[in-house]
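Working notes, beginning with the structure itself.
Every chain is numbered from 1 and lettered A, B, ... according to where its sequence line falls, protein lines coming before strand lines.
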Amino acid sequence: MQSFPFIKNYEFFAQLHYVCAKRKVKLILKNEVNIAILEGKGCRLMSSEIKPTQSLDVRGEVCPYPDVMTQKKVKSMKPGEILEVLIDYPLSAERIPESIKKMGHEVLKVDKIGSSEWRILIKIK
Amino acid sequence: MENTNKDKIGSETLIEPTHILSGLIVGILFGFALQRGRFCMNSAFRDIILLKEYTLLKAVIVAIIVSMLGFHVMASLGIIQLNPKPLSWGADIIGGFIFGVGMVLAGGCASGTTYRVGEGMVGSFVALLGFMLSAVITGSGALSGIKSYLETTTKVTVTNPGPLVTTTSQSPTLANIIGVDPWIIVIVIAILAIGVLAWKRGGEGKTEGSLSEKIFKRGWPWWATGIVIGIIAMIAFPASAATGRNYPLGITGGWSTFLNALIKGDANVLSWETFLVIGVVIGAALAASIAGEFKLRAPGPGRLIQQFIGGLLLGIGAVIANGCNIGHILSGVPQLAISSIIFGFFVIIGCWATAYLLLMRR
């Protein structure tokens, strides 16, 4: 039986693939109770994928539009929702996480998905 | 040789192969550093009000302080003679404001636009085309009357340029208008700037990775960018002076001589600065490719037109004022030139006004 402390952050809109008693189980988890039950039954996490509520594609845009559009989008969303931002401007890849954290939201991850392409996952608080 | 301020079109000396190489090498280093540091004065000034972000501004300040100290040390040692740009306050005010507006529309200052071409940003390429075009039109074409009118009617000179400055200069500086040794001004400014930077240095998060990764794969921290660019400026001054152009880094003259040479079919027009700006594009492309940050990309048609118009304004503003953000702010302010300080101030005003109207309402 293993515990995965980081899963507790993915409360909503998370798809977790578990192996329970050698059977693959795909779950869309709505709250932490499901995770506790799963872990109690000896299930093992295989992989996790966060499904964003909304996606903002600002690739091709010139500075400062990636930053400005991301901030506007974030302000229009509700707490708990997840925003995926796709950008290809290097400065924004470094700057957007900083400014979003300053706004009080959580940056779940920043992935490089290609040559000069990034995917930022933001959780609205 | 009477004219040693080189953002004007034309060069009195024929360009030699060593000059070409020197310009290219300094340009490649400069372009590399600009890309790695994401160094853009447009972002630096604009983000003060737009994002309440000061990181790039700190990099600009460090670059200016390092250049200022470096230039004055080299001048005191006799390696160079300072050459601040002449003051025509009308040209500096109007040119500065137009440049500031253009920067925001173009999505970058003159150096920012140039290095982003190397990253594959087609929007910046379009802005650069506008920049080149209007620079030539304002320098020697249909708009040149405005430039000469402003330059001649608002010109202010000093008779004694002071120590460390080339003797034919009539340009007012912070030092010679008060009549003190430039080192006094330099030390005061340096202490103030270092004080502000130390107070506002901000928490840079610890980043993992080897040194090679930090240099080539990730963006540089602001203090490293500023120091490297300041050092490149120090290399540029004597390198350029050796070719007859007694001035450190610049961008506008490079692109306007480039276009002029093509239009007239005359290689004599090319200067050290022409090869500098070509080097910037190459250096930035190199840096971007190594870091996996090169990508040919373009915004939509509306944004392309906006950037083209921005480029036109950049060229008009820079040529009216006889310098752009690099020629005046990065190269001129460290030499304490009043013209560069006035230009810089109005660039910021134009930038903030445009950023507010375009990006902060609604």
Side-chain angles (χ1 to χ4, degrees), chain A residues 6 9 54-78 83-125, chain B residues 35-40 42-44 46-47 49-53 55-56 103-109 112-113 116 119-124 126-127 202-205 207 217-222 287-289 291-300 303-304 306-307 310 355 358-360 362:
Chain A
F6 68 90
N9 289 329
Q54 293 201 48
S55 179
L56 178 67
D57 188 345
V58 282
R59 286 175 293 191
E61 269 298 355
V62 68
C63 157
Y65 293 96
D67 302 67
V68 171
M69 289 172 167
T70 302
Q71 284 194 0
K72 274 208 181 117
K73 193 72 175 170
V74 161
K75 283 187 187 148
S76 76
M77 289 171 66
K78 296 194 279 286
L83 174 67
E84 169 192 69
V85 184
L86 298 167
I87 56 170
D88 57 15
Y89 190 62
L91 181 57
S92 295
E94 287 152 13
R95 215 171 29 186
I96 290 178
E98 290 303 312
S99 59
I100 293 298
K101 281 186 218 163
K102 261 196 217 161
M103 288 169 72
H105 305 290
E106 195 183 332
V107 176
L108 294 175
K109 51 159 101 184
V110 179
D111 286 332
K112 190 135 190 257
I113 57 176
S115 191
S116 198
E117 274 189 51
W118 290 267
R119 177 178 177 255
I120 304 175
L121 274 174
I122 299 167
K123 182 167 176 197
I124 318 292
K125 294 233 140 151
Chain B
Q35 200 279 337
R36 297 277 74 232
R38 292 82 165 84
F39 188 88
C40 178
N42 173 43
S43 303
R46 183 202 60 214
D47 293 347
I49 59 165
L50 185 69
L51 301 173
K52 312 249 189 325
E53 247 283 316
T55 318
L56 278 172
M103 265 190 348
V104 177
L105 295 176
C109 51
T113 298
R116 286 192 197 107
E119 283 185 325
M121 296 189 76
V122 175
S124 293
V126 167
E204 268 80 44
T207 46
K217 299 284 187 183
R218 277 205 228 108
W220 290 351
W222 57 267
S289 306
E293 289 172 359
F294 180 90
K295 181 184 167 207
L296 221 54
R297 57 212 191 260
R303 194 75 72 216
L304 280 173
Q306 175 194 312
Q307 290 193 262
L358 203 66
L359 301 163
M360 289 174 68
R362 247 176 288 120

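- Both the backbone and the side chain of A/Glu61 come within less than 4.5 Å of a heavy atom of chain B.
- Your options are B/Gly300, B/Gly292, B/Gly107, and the one with the most heavy-atom pairs under 4.5 Å with chain A is B/Gly292.
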**Message:** For a side-chain contact (heavy atoms from CB on, under 4.5 Å) check, start with the C-alpha distance between B/Thr55 and A/Glu94, then their side-chain angles and the critical distance, and finish with the verdict.
**Reply:** CA-CA 11 Å; B/Thr55 318; A/Glu94 287 152 13; over 6 Å; no

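- Put simply, of A/Ser99, A/Gly114, A/Gly60, the one with the most heavy-atom pairs under 4.5 Å next to chain B is A/Gly60.
- Side-chain contact check for B/Leu51 versus A/Pro64: every heavy-atom pair is 4.5 Å or farther apart.
- Options B/Ser289, B/Pro299, B/Gly108 differ in how many heavy-atom pairs under 4.5 Å they form with chain A, and the most are formed by B/Pro299.
- Only the side chain of A/Met69 comes within contact range of chain B, with at least one heavy atom under 4.5 Å from a heavy atom of that chain.
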**Message:** Applying side-chain contact (heavy atoms from CB on, under 4.5 Å) to B/Lys295 and A/Arg59, what does each step give before you reach the verdict?
**Reply:** CA-CA 11 Å; B/Lys295 181 184 167 207; A/Arg59 286 175 293 191; 4.2 Å; yes

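- The distance from the SG atom of A/Cys63 to the CG atom of B/Leu50 is 9.0 Å, given to the nearest 0.5 Å.
- For A/Asp67, the part sitting under 4.5 Å from any heavy atom of chain B is the side chain, from C-beta outward, and nothing else.
- Residues B/Leu56 and A/Leu91 have side chains in contact (heavy-atom distance under 4.5 Å, counting atoms from C-beta outward).
- Highest contact tally toward chain A, considering only B/Arg38, B/Gln35, B/Glu53, is held by B/Arg38 [criterion: heavy-atom pairs under 4.5 Å].
- Contacts of B/Ala291 with chain A are made by backbone atoms alone, with heavy-atom separations under 4.5 Å and no side-chain atom involved.
- Among all heavy-atom pairs drawn from B/Lys52 and A/Lys102, the shortest one is O-NZ, 3.5 Å.
- Evaluated for a side chain to side chain donor-acceptor pair (under 3.5 Å) with A/Tyr89, the options B/Glu119, B/Glu293, B/Arg116 yield exactly one hit, B/Arg116.
- The CG atom of B/Leu359 lies 11.0 Å from the CD atom of A/Gln71; values are rounded to the nearest 0.5 Å.
- When all heavy atoms of B/Ala106 and A/Val62 are compared, the pair lying nearest together is O-CG2, 4.4 Å.
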